[in-house]
Amino acid sequence: MNATLQAWVDSCAAMTKPDQVVWCDGSEQENERLIAEMVGAGTLEPLNPKKYPNSFLHRSNPNDVARTEHLTFICPSKPEDAGPTNNWMAPADAKAQLSALYAGCMKGRTMYVVPYCMGPLGSPLSKIGVEITDSPYVVANMRIMTRMGQAALDQLGGSDDFCRGLHSLGDLSPDRRFICHFPDTREIWSIGSGYGGNALLGKKCFALRIASVQGRDEMWMAEHMLLLGIESPEGETSYVAAAFPSACGKTNLAMLVPPESQQKQGWKVWTIGDDIAWMRKGPDGRLWAINPEAGFFGVAPGTSMKTNPNAMLTFNRNSIFTNVAVTDDGCPWWEGMGGDPPAHATDWQGRSWTPESKDKAAHPNSRYTTPASQCPSIHPKFDDPQGVPISAILFGGRRARTAPLVYESFDWNHGVFVGSAMASETTAAQTGAVGVVRRDPMAMLPFCGYNMGDYWKHWLKMGEHVPTMPKVFHVNWFRTDENGKFIWPGYGENVRVLRWIVERCKNGKGNTQAAETPIGFVPHSADIDAEGLPIDKKTVEGLLSVDREVWKGEAEQVGTFHQEFGAKLPAELPKQLDALKKRLG
Ligand code: OXD
Ligand code: MN
């Protein structure tokens with residue numbers, strides 16, 4: 001028995017007063033029992049057992065359907081350690097306020113103790129967490145998303161090195177909802193929400209917010225990045241990590257299926273992760289990465305056999321769907337699933353729905369939770385304790401005009417600058433004005449567990465610590481023409497851009513040259529294979545063009561954004577900005 005763990009569980013039980021405490025072993029029988037209980041209680045609904053075997057629908061409280069950034073706090077003792085992009089509360093205040101909400105909150109409920117491992121079991125890059133929760137839905141999701149149960153407990157042994165996460169649904173009121181992180185003590189206190197990003201504490205809370213602090217302290221990186229492998233016709237696989245803000249197609253890129261013409265040439269893309277990467281220096285001086293997660297918690301709407309066939313073939317069994325619609329024959333359904341909409345369905349709130357209904361059938365942030373091991377493109381090294389060596393890091397966002405299809409940074413420090421300036425323009429899918437630029441450095445804006453200025457310092461330090469750092473690129477699939485239409489076909493065709501990227505990573509041994517521009521190296525149009533695309537060479541040239549006047553405006557905006565970090569801004573970033581301005585003339 002782990003005395004530290006037992007004492008912590010006892011103290012949580014003393015505060016929350018559950019009727020019983022259940023230690024989860026992660027077994028099949030335990031899962032079946034929990035599922036049966038939830039089906040009995042009406043919180044899970046079995047789906048069509050022929051078409052979606054062992055899969056279930058959960059409808060959440062309609063006020064609890066997404067991450068709540070305004071209720072998310074980073075609580076180090078000094079506010080400057082949270083920084084201007086995070087909400088801060090003093091740790092003692094946060095604990096006092098939440099303790100009052102936790103007091104007796106599990107009366108009449110079961111407290112589940114969920115030990116889990118982030119990363120492959122036995123990996124030097126993995127870490128153990130324990131989540132205490134009163135939600136069986138959270139337990140079932142954690143079992144898919146992490147290596148959960150006895151194996152994690154065995155790996156922990158007697159050590160006190162584990163992330164402590166306390167979660168309760170509370171009364172699900174947004175007025176009494178808090179997601180608090182205590183980086184100094186590696187603790188998470190979450191109450192009032194059952195939603196994935198707020199309640200599955202291994203994911204955003206531990207694997208990004210707490211782990212980013214651990215990475216800073218221990219010289220490694222916890223990043224909001226997908227991981228993929230691209231295999232050449234010669235059978236050589238290069239590994240790429242890529243950071244995009246939410247709603248930029250990260251899961252689609254991670255599971256990319258090359259179009260037939262590219263497959264015929266011998267190109268293949270492998271999936272390692274779709275959301276989070278943990279990376280550290282390997283014995284060979286390269287940067288090695290693991291996916292700390294074991295499943296995908298993906299956005300359902302827009303997922304179809306056309307946009308992401310690998311996802312469709314992953315979640316067709318052993319999966320949990322949250323807030324999707326359900327057809328009359330018990331199949332999950334959402335807008336953008338392809339084909340004709342069903343003549344009748346039940347919407348995400350359990351109401352009768354027809355194509356004439358004015359509301360959407362599925363919630364726009366409805367989700368599937370599904371085991372990564374079921375993905376047809378999953379790479380054999382997905383579970384490898386050593387992880388994979390990274391050749392390229394990609395940053396991206398939605399930019400209608402500014403960023404070209406792809407460019408390469410001059411070196412690591414310039415790459416850090418490019419990441420620090422990352423931004424995405426809001427779309428009609430978000431509330432508020434369309435086309436507003438939101439800065440989202442390294443796609444970590446809502447996920448960095450400390451001051452973003454110190455985080456950039458850490459990136460710069462990692463460049464000195466790791467002898468062979470990946471090359472850094474920026475991609476933009478979202479340039480539009482004068483009618484606001486996307487120019488680049490995107491989806492599977494993005495493999496053409498990945499090809500240029502991995503070729504550039506061959507360090508002088510590659511076949512592609514590039515043009516030097518003020519913002520970085522850009523491909524010559526001839527080096528992007530456009531064979532068979534519905535766009536001509538001139539359009540490709542347009543996609544790769546850099547408009548100096550637009551970039552002068554961009555540089556000013558980046559400078560203003562950087563200034564928010566005051567004394568925490570590493571001197572290297574204004575230096576990079578000045579150099580960019582000089583190159584722009
Ligand atoms: C996610 C997100 O759910 O980034 O992965 O919001
Ligand atoms: Mn994410």
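Atoms within each ligand, like the ligands themselves, are counted from 1 in listed order.
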Below 30° counts as parallel, above 60° as perpendicular, anything between as tilted: where do the rings of W278 and F206 land? perpendicular
Could you check M279, R280, K281 and say which one makes a side-chain contact (heavy atoms from CB on, under 4.5 Å) with L287? M279
N-O pairing of E218 and K127 below 4.0 Å: yes
Within a strict 4.5 Å, meaning less than it, do heavy atoms of the N451 and P84 side chains meet? yes
Parallel, tilted or perpendicular: which fits the ring planes of F73 and F178, with parallel below 30° and perpendicular above 60°? tilted
Fit a plane to each ring of W459 and Y455, take the angle between them on a 0 to 90° scale, and name the class: parallel (under 30°), tilted (30 to 60°) or perpendicular (over 60°). perpendicular
Could you tell me which non-hydrogen atom of M255 sits nearest to which non-hydrogen atom of S377, and how far apart they are? CA-OG, 4.3 Å
Compute the centroid of each ring, for F296 and then for F315, and state whether the two points are separated by less than 6.0 Å. no
Note on the Mn ion (ligand 2): protein N/O/S atoms within less than 2.8 Å are K204 NZ, H224 NE2, D275 OD1
Tabulating one pair per line, provide the atom names and distances (0.1 Å) for every N/O atom of ligand 1 that is less than 3.5 Å from a protein N/O atom.
from, atom 1, to, atom 2, distance (Å)
ligand 1, 3 (O), R367, NH1, 3.1
ligand 1, 3 (O), R367, NH2, 3.1
ligand 1, 4 (O), K204, NZ, 3.1
ligand 1, 4 (O), H224, NE2, 3.2
ligand 1, 4 (O), S246, OG, 3.0
ligand 1, 5 (O), K204, NZ, 2.9
ligand 1, 5 (O), D275, OD1, 3.2
ligand 1, 5 (O), D275, OD2, 3.4
ligand 1, 6 (O), R67, NE, 3.2
ligand 1, 6 (O), R67, NH2, 2.9
ligand 1, 6 (O), S246, OG, 3.3

F382 ring centre to R147 NZ or CZ under 6.0 Å, with the angle to the axis within 45°? yes
